[in-house]
Number of protein chains: 2
Amino acid sequence: MTTGALPRRVTARDVARRVGCSVATVSLVVNGKGEGRVASSTQQLIWEAVADLGYRLNQTASALARGRSSTIGFVCPDPTNPFFSMVLEGLSGALDDELSLTLLMPNQGSDYDLGTLQRALAGDFAGLIIATPGRHLMDGFVPTCPTLLLDAAEAHPRIPGIDLDVVGAAGQLADHLAGLGHRAVGYVGVSRDKASLQTRRQALASSLERLGSAVVADLELDVLTLSSARDAFSTAWPAWDAAGVTAVVCGDELHAYGVLQAARTLGIDVPGRLSLVGFNDLPYSELVQPRLTSVNLSALDLGAAAGAALQEYLITGEPPATTMLPTRLVVRESTARASR
Amino acid sequence: MTTGALPRRVTARDVARRVGCSVATVSLVVNGKGEGRVASSTQQLIWEAVADLGYRLNQTASALARGRSSTIGFVCPDPTNPFFSMVLEGLSGALDDELSLTLLMPNQGSDYDLGTLQRALAGDFAGLIIATPGRHLMDGFVPTCPTLLLDAAEAHPRIPGIDLDVVGAAGQLADHLAGLGHRAVGYVGVSRDKASLQTRRQALASSLERLGSAVVADLELDVLTLSSARDAFSTAWPAWDAAGVTAVVCGDELHAYGVLQAARTLGIDVPGRLSLVGFNDLPYSELVQPRLTSVNLSALDLGAAAGAALQEYLITGEPPATTMLPTRLVVRESTARASR
DNA sequence: ATGAAAGCGCTAACAG
DNA sequence: CTGTTAGCGCTTTCAT
């Protein structure tokens, strides 16, 4: 039973020695810069030696010599949240093979903080993508490498980003609800101090008001779990009922599921008595009845767009213009004509 | 509007020059090895200069000089799948601050392959964690750094791992079902060529047989989506019904949700007519009625255990013994006494 | 207590 | 076409 002391790493020197050439030549060939500069016979020999010896380029040394790393950092609150895992998926799909992806998440707690950001700065990244930062988190931020902000309209004046058209989405949603005759809507927000989350509430409220409706009741939850929404809504419902609320909008769809659950328990008919909508189109929609009307924030596209933009940035050196991704309202069974 | 050409990086040399000491001293202090070796006045000065200049250790150079990197690689099929995202969460929580985590996932397709593994080998990782590899993927694998296999009993004779007690879980499940009088059960499998998945089916079958019951019908699905299970089950049901199936077990709970949906459409009462169970306890349980009985594979614990074990491995140099994590059957409303 | 020096393994001019 | 040279920024003896 050999306990596995791993063999010393094979270096370019070993390959060079074996072939009888210099390290520089090995470097050229291995990096695919050999064509037209190194005799093809030599290339042959080098590749053979590489295979025989099991040589692999030392990325660390390569990065150091070259002066830039080839890994990009992705900062996000919680990979367990479908929204972020989908952004991640989109991002990873959009990145070139040579780029690797390291994940920076909070050490504890459900959202990342300055500490996480510090770690991101400390790592040697070719580029950085920061997803949905808290409102003031970026205030004193000085980028040390090409950096992109996701879903954080104006969190930082100098850093380009990819945004979701939350305002447009809120407008669509307001149209939809007002069109169904909803005059009084309740809003379930997330207390996390994020620009994107706050915009959702504000944009909805002002769009509604323009149409003669209004947000007349609020709930603000600390944690992004189904049960927190369920419990809070159960408690709040009598007052909301009295206030004439006929529709509830949740800043995050996960909360909408909680509200739905509470509604079932309380015997509130959705959508007969109460219409229900959430932002974020989580992959639960087929699971639950009635299926929820929701604002699709297309996390996958967001990730993909970020990947593409960052690569552009890395290649050209020019920061991309901040872009806005469209969102769309997906109408399902949880919204209907206002009950009164 | 200054387009952001980033300033040249501050090096230890800059700090040394500012303080009037040598780079070596800076290195010592910055790495916390200064106590008792560097005058505290000098340390003071160095820290001040570090702060003033905004010096950050170049991880790449450090790793090169030191001969080992401080990032660990995590290879997994799909971060979108709650099972893996929870493993990831557990892992990230268990890792020391100094260790960073890079993610290796398939470039395309839903499961990773040799290419992904190559990339993992090519990166310079301090350690590697490979989650639920396909059955023969590890066959010719030669580790280049401390490596751990997750949920892959015996995929490789020499590589230690953390396993889930799938056999024990299958036993509990068989007891539960047989105890409720189920004699004929249908199994919905996942075609992915994974040791863990195949073990689930086999262990269940043999446990059931020991109790006088049996798996009498099979479905094997290519993709891990709810809809694939829904459609396949809809088609298969008449035959399964005829075969006297009173319970369905799904190798992955996501499929169980699909079966549940099909059952609703077909008017099959769950659990009155048909009991339903899945492996993996996805975070959907509160959403759907009836809530599914399932085998909790504790992804979070798996990730945490892996993180702890790998760190041990890195520090001691000794490969940890392969360990087995307990699993447990969580009985909810989707299983009941056999209908006949 | 501190500095000089020799690398870590690779890349990028620059000579020939 | 290929080798020599000079680093990349840091760590680590080993003198002083």
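In what follows, every heavy atom counts, from backbone to side chain, and hydrogens, waters and symmetry copies are set aside. Naming: A, B, ... by sequence-line order, numbering from 1 per chain.
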Is the phosphate of [N] approached by [X] (side-chain N or O, under 4.0 Å from OP1 or OP2)?
| X | N | value |
| --- | --- | --- |
| A/Thr42 | D/dT2 | yes |
| A/Thr25 | D/dG3 | yes |
| B/Ser62 | D/dG9 | no |
| A/Lys33 | C/dA12 | yes |
| B/Ser22 | C/dG3 | yes |
| B/Asn31 | D/dT11 | yes |
| B/Ser27 | D/dC10 | no |

Would you give the length of the straight line joining atom [atom1] of [X] to atom [atom2] of [Y], rounded to the nearest 0.5 angstrom?
| X | Y | atom1 | atom2 | result |
| --- | --- | --- | --- | --- |
| B/Thr144 | B/Phe125 | OG1 | CZ | 9.5 Å |
| B/Thr132 | B/Tyr112 | OG1 | OH | 6.5 Å |
| B/Arg68 | B/Cys145 | CZ | SG | 13.5 Å |
| B/Ile130 | B/Leu150 | CD1 | CG | 9.5 Å |

Nearest-angstrom distance from the residue atom [atom1] of [X] to [atom2] of [N]:
| X | N | atom1 | atom2 | value |
| --- | --- | --- | --- | --- |
| B/Arg13 | C/dA5 | CZ | P | 14 Å |
| A/Arg9 | C/dG7 | CZ | P | 20 Å |
| B/Gln59 | C/dC8 | CD | C1' | 16 Å |
| B/Asn58 | D/dT11 | CG | P | 9 Å |
| B/Arg56 | D/dG9 | CZ | P | 12 Å |
| B/Arg66 | C/dG9 | CZ | C1' | 16 Å |
| A/Glu35 | D/dC1 | CD | P | 10 Å |
| A/Ile46 | D/dC1 | CD1 | P | 13 Å |

Of the listed nucleotides ([options]), which one gets closest to any side-chain atom of [X]?
| X | options | answer |
| --- | --- | --- |
| B/Ala24 | D/dT2, C/dA4, D/dC10 | C/dA4 |
| A/Ala65 | D/dG7, D/dC10, D/dT2 | D/dG7 |
| A/Ala12 | C/dA5, C/dG9, C/dC10 | C/dC10 |
| B/Arg37 | C/dT2, C/dC8, C/dG3 | C/dT2 |

Within the structure shown, what part of the strands sits under 4.0 Å from [X] by heavy-atom distance: base, sugar-phosphate, or nothing?
| X | result |
| --- | --- |
| B/Ala39 | sugar-phosphate |
| B/Leu28 | nothing |
| B/Gly20 | sugar-phosphate |

Should the pair B/Lys194 and B/Phe83 be classed as cation-pi, given the thresholds of under 6.0 Å to the six-membered ring centre and 45° from the axis? no

With distance as the sole criterion, is a donor-acceptor pair present between the side chains of B/Ser69 and B/Asp124 under 3.5 Å?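 No, B/Asp124 and B/Ser69 have no side-chain donor paired with an acceptor closer than 3.5 Å.
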
Using heavy-atom distances to pick each residue's nearest nucleotide on DNA chain C, tell me which of B/Cys21 and A/Leu64 is more 5'.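 By nearest-heavy-atom nucleotide position, the 5'-most residue is B/Cys21.
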
